[in-house]
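Here the structure is laid out as structure tokens; the discussion comes afterwards.
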There are 2 protein chains.
Amino acid sequence: MVKVRRNKVEQPPEVCPLGECMSLISGAWSPHVIWYLRDGPRRFSELRGDIKGVSAKVLTARLRQLERDGVLIRREVDSSPPTVEYSLSELGAELRPAIAAIVDVGHRLKQRR
Amino acid sequence: MVKVRRNKVEQPPEVCPLGECMSLISGAWSPHVIWYLRDGPRRFSELRGDIKGVSAKVLTARLRQLERDGVLIRREVDSSPPTVEYSLSELGAELRPAIAAIVDVGHRLKQRR
DNA sequence: TATTCGGGTTACCTGCAGGTAACCGCATGC
DNA sequence: GCATGCGGTTACCTGCAGGTAACCCGAATA
């Protein structure tokens, strides 16, 4: 009994711009991180304070992922106690208008109710 | 041994505009639905064709959720065979600029690589 | 000496979004 | 008489994001 070789017909990858961008900013916390970094670098504990309700674990996970994705840059500052500074990369900066548009709509949604 | 009653201190709800808006457009498929409805009503099978890779089940689920959230309007058209037409509500229309901004960034992300 | 702060890590658990596959009723067309 | 298109529904399974709680080290501070 020979197994059928199911030649998965490879769709041309054809990356969707919407999906591409959403994969960077989706999730409950990523947009918040980008938003609070919009005006310059912030430290871990500052972000924890900025973003109401996020836990250290989840914030760490999001920061690591955004770093892997090239959205932000992590820099250890040699102070005492040593601190860590996060800032948007060039790519991250490109995401700002999208987040800003979402925040903008969010404000208008609050207005209308 | 009396159990401590831990009065969960109720934070003032203080809805975050970013979270508010993200809850409407998050998920892998919701933004696509809104995007393809941007220029007017579409039928179920049209949306299935527009949005590459979505299954009937998931598309139904997203459409139902977006309807519950007041983002779009479902209208059964009395034709033969009967068809169903989805269109953006007023609230849904407010989301367009946000999605447009995301798509726009997505395009620029493709450019830069 | 003990505590705090900064920036995490680890273990464990939950829920929900999404994926596949099969099936549905109805009306029309071949 | 049978298949096709339309707009779904149902069952079952998977993976990942997120939540809680406890714990970590080293330096500075009370």
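Remember, it's a predicted structure, so these values are computed and weren't measured experimentally.
For A:Ile25 and D:dA17, the CD1 to C1' distance is 16 Å, given to the nearest whole Å. For the pair A:His32 NE2 and D:dG18 P, the computed distance is 11 Å after rounding to whole Å. The distance between atom CD of A:Glu85 and atom C1' of C:dG6, rounded to the nearest whole Å, is 14 Å. Atom CZ in B:Arg62 sits roughly 15 Å away from atom P in D:dG8 (whole-Å rounding). Protein atom CD of A:Glu76 is 7 Å distant from nucleotide atom P of C:dG8, rounded to whole Å. Put simply, CG on B:Leu47 is 13 Å from P on D:dC6, counting in whole angstrom units. For the pair B:Leu59 CG and C:dG18 C1', the computed distance is 13 Å after rounding to whole Å. Put simply, CG on A:Leu63 is 14 Å from P on D:dA17, counting in whole angstrom units.
Taking 4.5 Å as the limit, some side-chain heavy atom of A:Leu59 sits within range of a side-chain heavy atom of A:Val33.
The 5' end of DNA chain D is approached more closely, in terms of each residue's nearest nucleotide, by B:Ser45 than by the other of A:Pro82 and B:Ser45.
When distances run from any side-chain atom of B:Ala56 to the nucleotides D:dT9, C:dG19, C:dG8, the shortest one goes to D:dT9. For A:Val58, counting side-chain heavy atoms from C-beta on, the closest listed nucleotide (D:dG19, D:dC6, C:dG19) is D:dG19. The nucleotide whose nearest atom lies closest to any side-chain atom of A:Arg43 is, among C:dA17, C:dT9, C:dG7, C:dG7. Comparing C:dG7, D:dG7, C:dG19 by their closest approach to the side chain of B:Lys57 singles out C:dG19.
Applying the 4.0 Å criterion to OP1 and OP2 of D:dT9, one finds that B:Arg64 has a side-chain N or O inside that range. OP1 or OP2 of C:dG8 sits under 4.0 Å from a side-chain N or O of A:Arg74. Between A:Arg48 and C:dG8 there is no side-chain N or O to OP1 or OP2 distance below 4.0 Å. Contact annotation: B:Trp29 side-chain N/O to C:dG19 OP1/OP2 distance is under 4.0 Å. Regarding contacts with the backbone of C:dG6, every side-chain N or O of A:Tyr86 stays at 4.0 angstrom or more from both OP1 and OP2. In terms of phosphate contacts, A:Thr60 brings no side-chain nitrogen or oxygen within less than 4.0 Å of OP1 or OP2 of C:dG8.
Looking at heavy-atom distances under 4.0 Å, B:Ala28 makes contact with sugar-phosphate atoms alone, never a base. Residue-level contact check: B:Thr83 touches the backbone only, with heavy atoms under 4.0 Å from sugar-phosphate atoms and none from bases.
Side-chain atoms of A:Arg42 never come within 3.5 Å of backbone atoms of A:Leu47 as a donor-acceptor pair (strictly under, hydrogens ignored).
For B:Trp35 and B:His32, the ring centers sit 6.0 Å or farther from each other.
With rounding to the nearest 0.5 Å, the separation of CZ in B:Arg48 from OG1 in B:Thr60 is 8.5 Å.
Between A:Gln65 and A:Arg68, the side chains place no donor N or O within less than 3.5 Å of an acceptor N or O (distance only, hydrogens not considered).
Checked against A:His107 for a side-chain contact (heavy atoms from CB on, under 4.5 Å), the options A:Leu109, A:Val105, A:Val103 give a single hit: A:Val103.
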